[in-house]
Protein chains: 2
Amino acid sequence: MQISSRLTIAVHILDCIDTFKDSYKLTSDFLAGSVNVNPVIIRRILQQLKAAGIVNVARGSGGAEIAKPLDKITLLDIYNAVECIDNGELFHFHENPNPNCPVGRNIHNALDKKLELVQKAMEEEMKSITLAEIISDTQKLIREEN
Amino acid sequence: MQISSRLTIAVHILDCIDTFKDSYKLTSDFLAGSVNVNPVIIRRILQQLKAAGIVNVARGSGGAEIAKPLDKITLLDIYNAVECIDNGELFHFHENPNPNCPVGRNIHNALDKKLELVQKAMEEEMKSITLAEIISDTQKLIREEN
DNA sequence: TTGTGTTGTAACTATCTTTGTTACAATTAG
DNA sequence: CTAATTGTAACAAAGATAGTTACAACACAA
């Protein structure tokens with residue numbers, strides 16, 4: 001199973017907000033135009049980012065802005081904001097190993113530690129990547145188009 | 001979205017095969033008893049492990065065995081065997097960013113590199129964990145029960 | 001060679017998540 | 001007040017997971 005596109009959409013949204021903050025009002029409609037999805041999808045993700053303190057959204061008047069310095073927002077922050085991870089666990093352990101089997105009643109303990117290492121490795125890498133980097137890379141690519 | 005329980009079930013199966021290889025015939029029924037799922041689930045996962053060269057399954061006579069040394073089988077091998085990853089990509093990128101928007105037409109390039117780093121970090125960690133380790137940890141836990 | 005146990009696999013179902021959609025009350029600015 | 005916009009409910013479609021029954025193909029032993 002893949003990690004949902006909410007993560008890439010969220011990054012896209014944030015990239016747009018920063019890039020166009022001086023030229024356009026950043027409404028869900030405007031952002032939906034760039035991402036190419038229904039505005040409600042954008043609003044839902046903006047709500048998740050807002051709950052995580054990453055953006056502010058102006059109800060009524062409209063428009064979104066980024067609430068923190070770009071280099072203080074990591075890919076992990078965005079991931080945690082939009083991905084609904086069950087107890088924060090990346091791996092889904094099968095529910096009822098047989099407690100009457102020696103392996104069945106110990107596999108959870110033995111394997112959990114390893115799975116935590118894997119999840120940790122992934123999260124550490126995500127933590128090392130900032131929104132500032134991503135946006136700066138995007139803008140470099142835009143400049144190189146000309 | 002979580003990674004499916006096929007991974008933990010597969011490890012459980014392999015752990016059982018090694019632990020009980022001298023005492024029992026390792027049929028899908030026997031394994032289903034320890035994992036506590038329907039035997040067909042076991043057979044399906046055994047087929048995936050077989051396709052990856054990790055186990056041999058005896059049609060007709062029945063029983064499964066591990067096809068390689070335990071320290072030559074990594075968690076990544078098992079993960080790749082049972083997890084159906086679309087083009088091998090962990091992250092699902094939203095399909096149609098607007099090519100008429102500067103951000104829309106460059107976000108893919110800018111973000112893909114970062115996502116690859118994250119996936120790589122996860123896979124490297126998985127590659128460093130062997131089935132030998134996991135089984136040895138399980139058997140240590142079993143011994144400590146007494 | 002016949003019977004028994006087992007695998008390989010198809011077919012179907014239920015449930016969950018994602019993604020997309022319409023609709024509309026609540027809110028804000030002009 | 002009006003117009004634009006957000007926040008959110010309600011629903012539907014599509015896809016994946018997980019579970020089940022059923023059965024042909026197969027291997028071995030008596």
Side-chain angles (χ1 to χ4, degrees), chain A residues 1-10 12-13 17 24-33 35-52 55-65 67 79 81-87 89-97, chain B residues 1-10 12-13 17 24-33 35-52 55-65 67 79 81-87 89-97:
Chain A
M1 200 52 214
Q2 285 183 304
I3 287 165
S4 88
S5 63
R6 282 195 302 275
L7 177 62
T8 60
I9 293 179
H12 187 153
I13 288 172
I17 293 178
Y24 295 93
K25 185 160 96 170
L26 285 315
T27 65
S28 61
D29 242 46
F30 176 87
L31 294 166
V35 178
N36 215 356
V37 295
N38 192 290
V40 175
I41 305 286
I42 302 291
R43 284 182 225 149
R44 288 207 272 242
I45 292 176
L46 278 177
Q47 286 310 304
Q48 295 183 290
L49 293 172
K50 181 184 165 192
V55 300
N56 297 315
V57 187
R59 169 156 218 180
S61 54
E65 60 177 15
Y79 171 78
V82 300
E83 206 64 28
C84 337
I85 27 181
D86 205 36
N87 320 337
E89 287 185 355
L90 178 60
F91 297 94
H92 177 28
F93 215 106
H94 54 292
E95 311 283 348
N96 305 304
Chain B
M1 199 52 214
Q2 285 183 304
I3 287 165
S4 88
S5 63
R6 282 195 302 275
L7 177 62
T8 61
I9 293 179
H12 187 153
I13 288 172
I17 293 178
Y24 297 93
K25 185 160 96 169
L26 286 315
T27 65
S28 60
D29 242 43
F30 176 86
L31 295 167
V35 179
N36 216 355
V37 296
N38 192 290
V40 175
I41 305 286
I42 302 291
R43 284 183 224 148
R44 287 206 273 242
I45 292 175
L46 278 176
Q47 286 311 303
Q48 295 183 290
L49 293 172
K50 182 184 165 192
V55 299
N56 297 315
V57 187
R59 169 157 218 179
S61 54
E65 59 177 17
Y79 171 78
V82 300
E83 205 65 27
C84 338
I85 26 181
D86 204 37
N87 319 337
E89 287 186 355
L90 177 61
F91 297 94
H92 177 26
F93 214 106
H94 53 292
E95 311 283 348
N96 305 304

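Lettering of chains follows the sequences in order, A, B, ..., and the numbering in each one begins at 1.
For C:dT18, the OP1/OP2 oxygens have no side-chain nitrogen or oxygen of A:S5 closer than 4.0 Å.
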Secondary structure of DNA chain D per the Watson-Crick/G-U criterion (both distances under 3.5 Å; [ ] crossing, | other strand, . unpaired) is ||||||||||||||||||||||||||||||
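Per the geometry, CG belonging to A:N38 stands 14 Å off C1' belonging to D:dA13, to the nearest Å. We find that CD1 of B:I45 is positioned 14 Å from C1' of D:dA16, with the value rounded to whole Å. Between B:I41 atom CD1 and C:dT13 atom P the separation is 17 Å, expressed in whole Å. Taking atom CD1 of residue A:I42 and atom P of nucleotide D:dG7, one finds them 13 Å apart after rounding to whole Å. Taking atom CG of A:L49 as the reference point, atom P of D:dT6 lies 14 Å away to the nearest angstrom. In this entry the distance linking NE2 of A:H92 with C1' of D:dA18 reads 9 Å, nearest Å. Between A:Q2 atom CD and C:dT19 atom C1' there is a gap of 14 Å when expressed in whole angstrom units. Atoms CZ (B:F91) and C1' (C:dT18) sit 17 Å apart, rounded to a whole Å.
Side-chain atoms of B:K25 come within 3.5 Å of backbone atoms of B:S61 as a donor-acceptor pair (strictly under, hydrogens ignored). Between the side chain of B:T8 and the backbone N or O of A:H94, at least one donor-acceptor pair lies under 3.5 Å.
Heavy-atom minimum distance, B:F91 versus A:I3: CE2-CD1, 3.6 Å. Minimum heavy-atom separation, A:E65 to A:I17: CA-CG2, 3.9 Å. For the pair B:A32 and B:V37, the tightest heavy-atom approach, listed with the atom from each and the gap, is CB-O, 3.1 Å. The shortest non-hydrogen separation linking B:R43 to B:S28 is NE-OG, 3.1 Å.
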Side chain to side chain contact (heavy atoms under 4.5 Å, CB included), that's the test. Do A:Q47 and A:R44 meet it? Break it down for me.
CA-CA 5 Å; A:Q47 286 310 304; A:R44 288 207 272 242; 5.7 Å; no
Reading nucleotides 1-9 of chain C from the 5' end, what letters show protein touch, with B for base, S for backbone sugar-phosphate only, - for no heavy atom under 4.0 Å?
----BBBBB
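Note that CG of A:L31 is 12.5 Å distant from CG of A:N36, once rounded to the nearest 0.5 Å.
You'll find the side chain of A:M1 stays beyond 4.5 Å of the side chain of B:Q2, heavy atoms only.
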